[in-house]
Amino acid sequence: MDEQALLGLNPNADADFRQRALAYFEQLKISQDAWQVCAEALAQSIYSDDHIKFFCFQVLEHQIKFKYSELTEVQQQLIRETLITWLQAQMLNPQPEKTFIRNKAAQVFALLFVTEYLTKWPKFFFDILSVVDLNPRGVDMYLRILMAVDAELVDRDVVHTSEASYCFALTFEARRNTLLKDTMREQCIPSLVESWYQILQNYQYNNSELTCQCLEVVGAYVSWIDLSLIANERFINMLLGHMSVEVLREEACDCLFEIVNKGMDPIDKTKLVESLCQVLQSAGLFSIDQEDDVDFLARFSKLVNGMGQALIASWTKLIKNGDMKSAQDTLQAIEAKVALMLQLLIHEDDDISSNIIGFCYDYLHILKQLSALSDQQKANVEAIMLAVMKKLTYDEEYNFENEGEDEAMFVEYRKQLKLLLDRLAQVSPELLLASVRRVFNTTLQNWQTTRFMEVEVAIRLLYMLAEALPVSHGAHFSGDVTKATALQDMMRTLVTSGVSAYQHTSVTLEFFETVVRYEKFFAVEPQHIPTVLMAFLDHRGLRHTSPKVRSRTAYLFSRFVKSLNKQMNPFIEDVLNRIQDLLELSPPENGYQALLSSDDQLFIYETAGVLIVNSEYSAERKQVLMRNLLTPLMEKFKVLLEKLMMAQDEDRQMALADCLNHAVGFASRTSKAFSNKQTVKQCGCSEVYLDCLQTFLPALSCPLQKEVLRSGVRTFLHRMIICLEEEVLPFIPSASEHMLKDCEAKDLQEFIPLINQITAKFKTQVSPFLQQMFMPLLRAIFEVLLLPAEENDQSAALEKQMLRRSYFAFLQTVTGSGMSEVIANQGNVERVLFTVIQGAVDYPDPIAQKTCFIILSKLVELWGGKDGPVGFADFVYKHIVPACFLAPLKQTFDLADAQTVLALSECAVTLKTIHLKRGPECIQYLQQEYLPSLQVAPEIIQEFCQALQQPDAKVFKNYLKVFFQRAKP
């Protein structure tokens with residue numbers, strides 16, 4: 001082997017050596033006999049370097065996986081012998097191989113097993129067992145091989161195939177795996193089980209590592225072998241013995257979990273679980289408070305969860321089968337586990353608690369189905385409720401300022417608890433409401449002296465009630481009087497208690513979240529609005545010391561103001577004055593720390609817009625307020641644009657361009673306040689926004705930072721087309737002209753939707769403008785599309801594909817808006833039409849192809865009749881009809897792909913439209929000229945033409961798919 005190349009296998013080797021090693025590996029994979037060199041190296045232990053040994057196994061793995069059928073019988077035998085020789089050597093080597101090599105070797109053995117067990121190597125396991133006997137190193141490899149075989153046969157996490165052939169390969173693999181498992185069950189599983197028992201018996205007291213490995217194997221195989229081989233006295237007694245051995249019990253727990261999880265008859269399952277429980281209980285394992293090993297308890301909790309869920313699944317099946325007596329027995333067995341479940345649920349360790357939630361959730365589901373609950377069941381529901389409330393509480397270690405992995409896990413755990421709370425609400429909504437009310441009131445009465453986590457969870461529970469006790473459109477304060485009164489009392493307490501001043505971010509945020517969630521409360525008791533507004537506006541909210549609180553409050557404040565609508569009227573000018581400093585555009589200077597980020601300011605601008613637009617002021621007053629809001633932005637914009645034109649340093653240019661972009665973005669955001677009922681015109685604000693347009697448009701001619709500036713102004717134009725309607729039209733031509741100068745693929749891609757929006761909205765009103773800019777736009781598009789790009793430049797190829805799609809979307813908008821004359825009046829209309837034909841046929845992009853067929857069918861509909869443009873009928877027969885066949889016949893036109901099927905559907909519409917417009921002449925052309933030229937059989941031609949003439953378009957669409965499926969090899 002190339003010793004120099006092999007040096008690159010070491011992880012510490014430099015990049016050049018590593019690259020050479022990779023290239024060498026690729027070379028060996030293609031080579032006919034390189035695997036033999038690797039096999040010899042392994043069999044004779046030629047190399048001592050671990051990375052070279054691993055490399056040799058990789059080469060063998062590739063050979064078995066992809067090229068095994070090319071080998072002769074003798075060569076295949078050589079691979080078998082190599083692996084057995086290597087295995088024998090393991091027991092004689094002074095040192096065991098590194099774990100990563102043993103795992104790779106096990107994978108190679110498993111691959112060979114899958115390939116050869118049914119045909120050439122039926123004694124696979126017996127051969128391995130005869131080599132390893134009870135030698136500890138040999139047993140280690142044997143167990144690793146068993147786990148690798150299970151992963152090949154069962155493990156659904158392993159993706160064995162590429163996506164394209166996934167379904168076929170999955171079916172093939174599933175059949176092959178079933179056959180392998182059936183054959184193993186018949187020929188060797190009893191012997192394997194016996195070997196596991198011997199290993200466990202031999203090593204349980206002197207080699208915990210091997211014992212745990214063996215327990216893992218038993219747990220893996222138990223899901224698909226005969227359970228009686230494992231669930232018998234000798235095995236279960238041994239496993240229960242392991243449950244009291246500290247180093248074995250976690251693995252024994254997992255093994256018992258797999259046994260309990262095995263699918264079986266519901267009555268047998270109940271008996272199995274009950275007998276297990278009795279033994280576990282008598283062994284003292286149910287005494288949770290005596291146990292301080294949390295890792296073991298987490299596994300034990302998972303086992304109890306498995307037993308509980310297994311019993312519940314049995315109960316469900318028995319109820320379904322109508323066996324009420326057995327169902328009742330099973331329900332009693334479930335109830336007997338609830339006390340243990342509660343102990344685990346309330347445990348201070350969240351992993352232990354989390355592992356039992358499934359059982360708890362399913363138990364509540366049973367209670368929900370019962371017609372009446374016993375006193376004990378009601379007590380259980382209350383106990384679960386109290387446990388959930390307690391476990392929702394943050395602990396002292398939670399880091400609110402720098403949330404890491406532990407914090408993320410607690411957030412996930414809280415989501416699980418929320419599901420339990422929702423289920424509790426379904427079982428007993430009255431009890432949940434009463435419990436939350438009790439906790440909430442007790443906590444908020446003394447919030448000043450209560451720890452933050454208890455205050456937070458009290459408010460959090462009120463917040464969670466909104467989803468746990470759902471109503472339509474947030475109408476929590478009407479309907480059911482008891483519920484409405486309870487929620488109203490709690491909300492009143494929340495906003496009057498002064499808890500918003502609590503000095504902890506979690507409480508502050510929970511306060512604002514809850515106020516916004518129950519915004520309908522303020523319709524019932526509007527006298528509390530000023531109190532809450534002040535909380536939002538002062539140091540508790542938008543001016544809080546924590547950036548996280550300020551940011552979230554900006555969003556929540558915007559929602560709060562929108563929801564209150566007219567109820568904000570008395571406070572509008574006061575609020576606008578108080579947020580004045582928060583609206584200031586942050587200067588582009590380094591180190592300037594604004595209270596809010598520019599993203600947060602967007603919400604404040606939107607809020608200001610909403611306050612003005614929804615007010616009951618006259619149009620004149622609204623205009624004044626809107627001008628006061630937007631004039632500082634316009635003035636700042638002019639100054640910053642001048643500074644940008646003179647800036648030399650690129651970082652400074654970028655900072656200025658960002659700042660300019662923020663100014664445009666803020667102005668855009670204020671326009672979101674307008675609606676169909678409150679238009680810009682009705683509010684008297686057209687003039688202000690036209691002034692903004694005139695201020696912002698000069699940025700388009702700035703030669704610096706074009707991408708950033710154009711993007712901002714484009715977004716503003718999109719908004720103004722909606723808000724100003726026809727008043728925006730005078731600005732469009734010059735804006736378009738600037739945006740088409742020196743533009744790249746991305747610029748055009750983003751510019752075309754703007755033109756599409758204008759075209760679709762104003763239709764014939766913009767016809768002269770479209771006529772004028774049609775060719776310049778096309779020229780700009782094709783200049784970019786024709787730019788040479790490197791063959792492997794995927795990002796350039798993708799940009800071109802997206803631009804092509806945008807171009808076709810533009811043509812679709814023009815034809816769909818009734819302005820086909822814009823295309824017809826161009827001097828080189830035929831060239832435009834050819835680009836559409838090319839898009840339908842030549843590019844393997846089903847999204848673009850679909851659009852092209854939509855354009856073609858629209859043009860045929862408009863021009864395809866007897867009075868259409870001269871020469872168009874010829875174009876239909878010479879180019880459009882062939883496109884409808886050439887595109888689907890391409891190998892890249894994948895009829896198994898959903899997007900491609902949509903493209904074919906539009907292709908069918910095109911053919912139907914041609915037939916509709918040209919009548920019998922179309923059928924004659926297909927029968928006598930076009931289809932015969934494709935060598936289509938006469939009976940298929942007849943069948944095709946009959947399908948095309950069917951009045952139901954769906955019939956033809958379905959037929960067309962079948963037609964092309966048959967036509968393609």
Side-chain angles (χ1 to χ4, degrees), residues 547 551 554 580-606 608 627-671 688-720 728 731-751 754 776 780 783-784 787 795-796 799:
S551 178
Q580 200 62 48
D581 60 320
L582 301 174
L583 295 166
E584 280 182 29
L585 195 63
S586 303
E589 320 303 341
N590 283 340
Y592 178 82
Q593 283 297 311
L595 270 175
L596 297 179
S597 71
S598 53
D599 285 346
D600 300 332
Q601 280 183 290
L602 285 169
F603 290 114
I604 305 298
Y605 268 96
E606 187 176 346
R627 194 168 281 287
N628 289 347
L629 180 64
L630 295 175
T631 300
L633 283 179
M634 291 190 263
E635 287 171 353
K636 213 55 167 296
F637 188 91
K638 288 172 187 167
V639 173
L640 290 169
L641 188 59
E642 279 179 30
K643 283 185 180 175
L644 173 60
M645 294 289 213
M646 296 184 312
Q648 302 296 314
D649 176 63
E650 193 170 345
D651 287 346
R652 172 76 176 153
Q653 288 174 10
M654 279 171 69
L656 285 161
D658 279 342
C659 202
L660 285 162
N661 210 12
H662 295 324
V664 180
F666 296 157
S668 280
R669 197 58 171 260
T670 59
S671 71
V688 189
Y689 283 103
L690 287 168
D691 287 352
C692 282
L693 254 180
Q694 280 175 319
T695 305
F696 299 152
L697 285 178
L700 292 175
S701 51
C702 175
L704 304 169
Q705 301 292 316
K706 289 198 301 279
E707 195 179 326
V708 178
L709 295 178
R710 285 180 179 183
S711 169
V713 176
R714 236 188 341 258
T715 306
F716 188 69
L717 276 168
H718 276 296
R719 290 291 315 149
M720 291 306 102
V728 82
F731 297 92
I732 298 297
S734 75
S736 302
E737 194 182 320
H738 284 301
M739 282 192 266
L740 280 176
K741 270 186 196 153
D742 314 321
C743 52
E744 293 168 14
K746 194 165 177 286
D747 295 320
L748 281 166
Q749 237 171 277
E750 290 173 358
F751 171 63
L754 182 72
E783 261 173 41
V784 173
L787 282 173
S795 108
E799 279 203 333

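The pair Glu642-Lys638 does not count as a salt bridge, with every side-chain nitrogen at least 4.0 angstrom from each carboxylate oxygen.
Proximity of Phe637 to Leu585: side-chain heavy atoms (C-beta onward) are nowhere separated by under 4.5 Å. The side-chain heavy atoms of Val664 and Thr715, taken from C-beta on, include no pair separated by under 4.5 Å. Contact check for Ile732 versus Leu717: side-chain heavy atoms found under the 4.5 Å cut-off. Side-chain contact between Leu700 and Arg710 is present, with at least one heavy-atom pair separated by less than 4.5 Å. Contact annotation: the side chain of His718 approaches that of Leu754 to within less than 4.5 Å [non-hydrogen atoms, C-beta and beyond]. The shortest distance between side-chain heavy atoms of Leu629 and Tyr605 falls below 4.5 Å. In this structure, Cys692 and Phe716 have side chains that are in contact, with non-hydrogen atoms separated by less than 4.5 Å. Counting heavy atoms from C-beta outward, Leu644 and Leu709 have side chains that approach closer than 4.5 Å.
Shortest non-hydrogen contact noted between Pro632 and Arg627 is CD-O, 4.3 Å. For Lys706 against Asp742, the heavy-atom pair with the smallest separation is CE-O, 3.7 Å. The heavy-atom pair separating Met720 from Ser671 by the smallest distance is CE-CB, 4.0 Å.
The backbone N or O of Asp691 lies less than 3.5 Å from a partner atom in the side chain of Thr695, making a donor-acceptor pair.
In this view, Tyr689 and Thr670 satisfy the side-chain hydrogen bond (donor to acceptor under 3.5 Å, both in side chains) rule, not counting sequence neighbours.
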